[in-house]
Amino acid sequence: MDALFAQLTAGQTVGPREVPVAFGRSLKVPACSKSVCRFDFETLCGDREPVMGVTDFQALCRHFDIILIDNVPVLEGDDHNYARRFVTLLDQMYDRGVGIVMSAAAPPSELFRLDYSTGEETAVASPALISLQEMRTASKRAISRITEMTSQAA
């Protein structure tokens, strides 16, 4: 990823930058040029403060043409919050035509190994179950979009 980042930013000034988000808030981008930025997965989709959301991802997509993401893990068990943020980021990137380059622990088809059960035995669809069903659909969409976005970049 280091070599690719260097290639994509060749001849450009590279460093940290603040990107305006909304309501006077800004987002710290650790490494970027004018059109390319690089983040670690945990920074973009993790639970550490500041937790990022759709407005942060929209701001990134407005300011950069390519986003590099290091260390994308396999999302397992109850990593639903990470998965939701990752799917939201991918949706924003896809909708705005932003390229993705990522180093991942597995191929796209194997990134989502979430537990979609609620532990509830009921015939009534609970909000938790509906949310998990939506996540299953969203993760399938994300896999498709990653595959499409990375094949277009190749």
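Start at 1 with the first residue, then count along the sequence. This structure is a prediction, so every number in the text was calculated from the model and none was measured.
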For the [atom1] atom of [X] and the [atom2] atom of [Y], what is their distance to the nearest 0.5 Å?
X	Y	atom1	atom2	value
I143	S109	CD1	OG	6.5 Å
R48	E42	CZ	CD	4.5 Å
I100	L68	CD1	CG	9.0 Å

Kindly write out the residues that satisfy side chain to side chain contact (heavy atoms under 4.5 Å, CB included) with [X], not counting sequence neighbours, or none if the list is empty.
X	result
P50	none
A104	V72, M102, L111
T55	V21, R25, Q58
S26	E18

Exercise for review: Show the numbers, then the answer: is there a side chain to side chain contact (heavy atoms under 4.5 Å, CB included) between L27 and L60?
Suggested key: CA-CA 9 Å; L27 173 65; L60 287 176; 3.6 Å; yes

Review point. Which side chain to side chain donor-acceptor pair (under 3.5 Å) pairs, counting each pair once, include a residue from residues 62-73, with sequence neighbours left out?
Key: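 Sorted result for residues 62-73: R38-D70, D40-N71.
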
Point to revise | Pairwise side chain to side chain donor-acceptor pair (under 3.5 Å) hits with a residue in residues 4-14, at least two apart | key: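 Those involving residues 4-14 are Q12-S33.
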
Practice item. Go through M149 and L90 one step at a time and tell me if the side chain to side chain contact (heavy atoms under 4.5 Å, CB included) criterion holds. Key: CA-CA 9 Å; M149 289 189 298; L90 293 169; 3.9 Å; yes

Exercise for review: Please list all pairs passing the salt bridge (charged side-chain N to carboxylate O under 4.0 Å, His left out) test where one or both residues lie in residues 89-110, with sequence neighbours left out.
Suggested key: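 Sorted pair list: D91-R141, D91-R145, D95-R145, E110-R113.
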
Review point. Would you call the rings of F86 and F41 parallel, tilted or perpendicular, where under 30° means parallel and over 60° means perpendicular?
Key: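 F86 vs F41 ring planes: perpendicular.
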
**Study point:** Which atom of A105 lies closest to which atom of P73, heavy atoms considered
**Key:**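 Distance-wise, the nearest heavy atoms are CB-CA, 4.2 Å.
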
Practice item. For residues T147 and P108, report the shortest heavy-atom separation together with the two atoms involved. Key: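 Residues T147 and P108, closest heavy atoms: OG1-CB, 4.1 Å.
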
Check your understanding: Going by an N to O cut-off under 4.0 Å, is there a salt bridge joining D79 and R84?
Key ->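 No.
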
Are [X] and [Y] joined in one hydrophobic group, where the rule is that I, L, V, M, F, W and Y side chains link up if heavy atoms are under 4.5 Å apart?
X	Y	answer
I66	M1	yes
V51	V54	no
V14	L4	yes

Practice item. Might you work through the side chain to side chain contact (heavy atoms under 4.5 Å, CB included) test for M93 and F57, ending with a clear yes or no? Key: CA-CA 8 Å; M93 292 174 69; F57 301 146; over 6 Å; no

Within-4.5 Å side-chain heavy-atom neighbours: [X] and [Y]:
X	Y	value
L89	L44	yes
Y82	D47	yes
F112	V87	yes

**Study point:** Set of ring-ring contact (aromatic ring centres under 6.0 Å, His included) partners for F64, sequence neighbours left out
**Key:**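 F64 satisfies ring-ring contact (aromatic ring centres under 6.0 Å, His included) with no other residue.
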
**Study point:** By ring-ring contact (aromatic ring centres under 6.0 Å, His included) - contacts of F39 (at least two apart)
**Key:**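 F39 satisfies ring-ring contact (aromatic ring centres under 6.0 Å, His included) with no residue once adjacent residues are dropped.
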
